[in-house]
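For the numbers below, each heavy atom of this structure counts, side chains included, while hydrogens, waters and symmetry mates do not. Just so it is clear, the model here is predicted, and its values are computed rather than measured.
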Amino acid sequence: MAIMSFIFVFFFFSSLQPILSLYEDQVGLMDWHQQYIGKVKQAVFHTHKTGRKRVVASTEQNIIATLDLRSGEIFWRHVLGPNDVVDGIDIALGKYVITLSSGGSILRAWNLPDGQMVWESSLHGPKHSKSLLLTTNLIIEKDNSLIVFSNGRLNAVSCIDGEVLWKKDFEEESLEVQQVIQPPGSDFIYVVGFAASSQFEMYKINAKNGELLKHESTAFSGRFSGEVSLVSSETVVALDSTGSILLTISFHNGKISSQQTPVSNLLEDSPGLAIIIHSSVTGIFAIKTDAATIFIRVIGEGKLEVVEKTNHETVVSDALSISEGQQAFALVQHAGRNIHLTVKPAHDWDSSLLKESIKMDQQRGFVHKVFINNYIRTDRSHGFRALIVMEDHSLLLLQQGAIVWSREDGLASIIDVTTSELPVEKAGVSVAKVELNLFEWLKGHVLKLKGTLMLATPEDIAAIQYMRLKSSEKSKMTRDHNGFRKLLIALTRAGKLFALHTGDGRIVWSHLLQSLHKSESCRQPIGLNLHQWQVPHHHALDENPSVLVVGRCGPSSDALGVLSLVDSYTGKEFSSLRLVHSVAQVIPLPYTDSTEQRLHLLIDADKLAHLYPKTPEAIDIFQSEFSNVYWYSIDDDNGIIKGYALKTKCSGNVADEFCFDSRELWSIVLPSESEKIITTATRNLNEAVHTQAKLIADQDVMYKYISSNLLFVATVAPKASGEIGSVTPEESWLVVYLIDTVTGRVLHRMTHHGSQGPVQAVLSENWVVYHYFNLRAHRYEMSVIEIYDQSRADNKDVWKLVVGNHNLTSPVSSYSRAEVITKSQSYFFTHSLKAITVTLTVKGITSKQLLIGTIGDQVLALDKRFLDPRRSVNPTQAEREEGIIPLTDSLPIIPQSYITHSLRVEGLQSIITVAAKLESTTLVFAHGLDLFFTHYAPSRTYDSLTEDFSYALLLITIVALVAAIFVTWILSQRKELQDRWR
């Protein structure tokens, strides 16, 4: 009996720890997934009394989504294709979301509650044109209808099933339709636009059958510019090509009348170039000049009257119908740290329905768009809520003078990402804090033990969750010994930097960069990339790391560059520079100064090299390594690859001691009639090579060709640079190169006939893997090339190693012209790829894994052993022991190998891997429209416990086992004594 009791107690307590460890491991995984929709360009509110209140939005990233009006959470969303740009959205019949996209070619209806597509119609026409969507209450043949103008054709489409009820072509080549208008309560439609940019055209169409009722036109001595603004159902305003004359055009009862008003007559000072701000407010429109925003009322026979002029940045909403015959619109103006929201009735400018002032984070920038919605308060008065889109692409809902919720949708357009270490945990903690932490620690483990034994009350469970969030190791703002906790520094298209904590994905800080802010001197700032500027190791307790943000003032490569230096811990922009030269290429150098600032070379469009930081110490360090600096440039359009070295200091207007001329060392000119560069790849500068030799099955040694100067280049036939299937297999080929960028030597060249891009490639250690499409087999393929150094074959002699007669310590140079051999193999792969990278680890001989971004927006881990070029159909016993997998024609896809599990990273663009300090572990960050982070162990984790491991339960288990052993021993001794007395 005693032995049975011991066994029971032993198994009971020993089973508790694995169960809890498994539970803790599942909860403690550092996976997080965040969903975004991008910068909103159109929004429609749905606030009927029945059902949940929501807002429907379309974005610049071609997403249609509905958001919860209470919290901003996504109800549903659809990501359309890259060419399926959303032109218009609306809500029909109170239950369908209507979208017009693909240049007006596709009209869809989506079910509002769940986002299921109800119907889809293709709308083609005689020519390309502006796309316009008009939702009406018009009933044709018992069907509610939509009016759509696209591709030079006016269509009436049924809301119920998407059937085209009638269509009317506008085939005149020079006609540019600007507006489609249905006057309230009428059964006809006005179609207005310009012909040859100097003639105004008006068409009156029967809305029931599409019959042309009337066509009028009038000529203008100048030329029209930009779009027209609708100020009533029968009046529009437009600017001439110089932006100095306003034209008011009326077409009442089908008769056109116009009036010209110089913009200078409306302003006392010279306004400069004016543009019309798009709005649909009846009787009022706005124009914006360099100096001010002017609101103008149309009165009488096209006469114009200025009602307000403001020097503040102002945004105007579309008109909102709040009751029969009454409209309202919103104005948002910036004033210091606040924004002023004003809602006015369209018929009375001097009165206001709402005035609110909201304190706004300056790091969000200016308001770009505003959409308003009304509701009825308890006192039966009108209340308003405003949805605003900020300069940093964030989305906010304002109501009753406060921000109800906000979304950081700028993270849907990340340009570049780098990482930063967190601060070192400083020593010196008070005794009171230690005692408090000890009490909290004991209390927490007691509560977790009660939860494991299923004895916890609901209050205990809530306390467990709260303490877990409060004291979670993974969300601390200090470094951990495994290197899991870091900051992800992300640069977005809006010119904003975000610091994300890898533990839980929260935003630690964000900063809208002044250097990438639109200004007089920089009209079109564009962020390019991020680089680590200062990474303190010796002064980690005293110095903060910082990052370098590189941008330029325009899309062309010869536009002037801008630089920003940002503190990685605080987000403070402590330095900002507007350069006097362009930035075509940034080269981080492997040298640092005494403050651990990394040296960088910025190459301009004229191939001049500029050294940063511009300090005497930096120039001294650089001069000592002057002869070891090489770089290359790639001209994709002309198929030219060139290598450069430094020559002398610059001469001329840009001369300074930090500027250097370059000299061309070599060039490779690819035949433009047969090859076009589509992809290049290089090794990750932070990659650690754990072994330079590879022991093969026959106990032979092959030495890897390890070079940081290796470049992979893929070219295709010019005809095959389009979409897959655009050419025949005979007209298509794929050529790949491995090039040494110091000497220009082509180490390997291989041709895949009948193959086509796009090509995704990753270069690591001595191998490259690339993915492409095989037109002959009608399947995707992945190929691998491994390159080995034959010049080190002598080192395989053991006696030479013993007597020291070997060349293992001889210097390695690109000019030594090593003898190389390559091994290659190709495999079928069932998926199209969006991105590909490789796992990185700091230490340990870890099996490499390819991380593949699939067309389904998931991340798949594929063991590099499947892409071993030495695989054969029947490997020998020695090869099997080495780990060679038998050859198959295709690569396996194992469902358990998806590291994103069942999640999708919509619009997946890039996968970034960062080595952790823990052996065999890498941190993985995937971004697109969504963000996903996890830590991944290619060779599985061992000899380590999870961060949430329950040490208290382990201690209790050990004590209980010792006590059980002691008790059973006493019982056993007593039973043995009783047996002897018998």
Student: Take atom NZ in Lys369; do more than 12 heavy atoms of anything else shown fall under 6.0 Å from it?
Tutor: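 Atom NZ in Lys369 is not packed in, count stays at 12 or less.
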Student: Val370 versus Leu387: any side-chain heavy-atom pair under 4.5 Å?
Tutor: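 Result no, sub-4.5 Å side-chain heavy-atom pair not found.
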Student: Side chains of His334 and Val367: closer than 4.5 Å at any heavy-atom pair?
Tutor: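 Yes. Closest side-chain heavy atoms under 4.5 Å.
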Student: Between Leu491 and Val549, is there a side-chain heavy-atom distance shorter than 4.5 Å?
Tutor: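 The answer is yes, as the side chains (C-beta and beyond) meet within the 4.5 Å cut-off.
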Student: Anything under 30° is parallel, anything over 60° is perpendicular, the rest tilted; go ahead and classify Trp32 against Phe933.
Tutor: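 Geometry flag for Phe933 against Trp32: parallel rings.
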Student: Under a 3.5 Å threshold, yes or no: a donor from one side chain and an acceptor from the other, between His511 and Glu573?
Tutor: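 The answer is yes; a qualifying pair exists.
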Student: If every non-hydrogen atom of Arg485 is compared with every non-hydrogen atom of Glu421, which pair is closest and at what distance?
Tutor: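 Arg485 and Glu421 have their closest heavy atoms at O-OE1, 4.4 Å.
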Student: Using the six-membered ring wherever Trp is involved, compare the ring planes of Phe484 and His935 and label them parallel, tilted or perpendicular (cut-offs 30° and 60°).
Tutor: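 Parallel.
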Student: Are any of the side-chain heavy atoms of Thr47 and Leu69 separated by less than 4.5 Å?
Tutor: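 In contact.
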Student: Cut-off 3.5 Å, side chains only: do Tyr898 and Gln896 have a donor facing an acceptor?
Tutor: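 No, Gln896 and Tyr898 have no side-chain donor paired with an acceptor closer than 3.5 Å.
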Student: Taking Ser394 as the fixed residue, which of Glu408, Arg364, Lys496 is the one that meets the side-chain hydrogen bond (donor to acceptor under 3.5 Å, both in side chains) rule?
Tutor: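 Of all the options given, the one that passes is Arg364.
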Student: Quick one: does Lys518's side chain have a donor or acceptor within less than 3.5 Å of a partner on Pro525's backbone?
Tutor: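 Side chain of Lys518 to backbone of Pro525: no pair is present.
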Student: Using a strict cut-off of less than 4.0 Å between a Lys/Arg side-chain nitrogen and an Asp/Glu carboxylate oxygen, indicate whether Asp68 and Arg52 qualify as a salt bridge.
Tutor: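 A salt bridge is present here (some side-chain N lies under 4.0 Å from a carboxylate O).
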Student: So with a 6.0 Å cut-off around CZ of Arg506, is the heavy-atom count from everything else above 12?
Tutor: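 Correct, the count exceeds 12.
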Student: Heavy atoms, side chains only, cut-off 4.5 Å: are Lys864 and Gln849 in contact?
Tutor: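 They are not in side-chain contact.
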Student: Testing the 3.5 Å rule here: is there a donor-acceptor pair between the side chains of His531 and Asn529?
Tutor: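 Present: a donor and an acceptor within the cut-off.
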Student: Check step by step if side chain to side chain contact (heavy atoms under 4.5 Å, CB included) holds for Leu850 and Asp863.
Tutor: CA-CA 6 Å; Leu850 296 172; Asp863 197 320; over 6 Å; no
Student: Is Asp857 salt-bridged to Lys834, cutoff N-O under 4.0 Å?
Tutor: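 Yes, charged N to carboxylate O under 4.0 Å.
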Student: Going by the side chain to side chain contact (heavy atoms under 4.5 Å, CB included) test, name the single residue among Val924, Val762, Ile836 that passes it with Leu851.
Tutor: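 So, applying the side chain to side chain contact (heavy atoms under 4.5 Å, CB included) to Leu851 and each of Val924, Val762, Ile836, only Val924 qualifies.
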Student: Going by atom types alone, do Gln597 and Thr592 pair a side-chain donor with an acceptor below 3.5 Å?
Tutor: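 Side-chain D/A pair, Gln597 to Thr592: absent.
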Student: Can you tell whether the side chains of Lys39 and Glu391 come within less than 4.0 Å, N to carboxylate O?
Tutor: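 Looking at Glu391 together with Lys39, the answer is no, because their closest N to O distance does not fall below 4.0 Å.
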Student: Could you verify whether a donor N or O on one side chain and an acceptor N or O on the other, from Thr922 and Thr839, lie under 3.5 Å apart?
Tutor: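 Side-chain D/A pair, Thr922 to Thr839: absent.
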Student: Is the distance between the ring centroids of Trp76 and His78 under 6.0 Å?
Tutor: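 Close enough - the centres of the two rings lie under 6.0 Å apart.
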Student: Quick one: list whatever passes salt bridge (charged side-chain N to carboxylate O under 4.0 Å, His left out) with Arg407, sequence neighbours left out.
Tutor: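 Checked Arg407 against salt bridge (charged side-chain N to carboxylate O under 4.0 Å, His left out); matches are Asp409.
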Student: Do the non-hydrogen side-chain atoms of Val79 and Asn62 ever get within less than 4.5 Å of each other?
Tutor: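 Result no, sub-4.5 Å side-chain heavy-atom pair not found.
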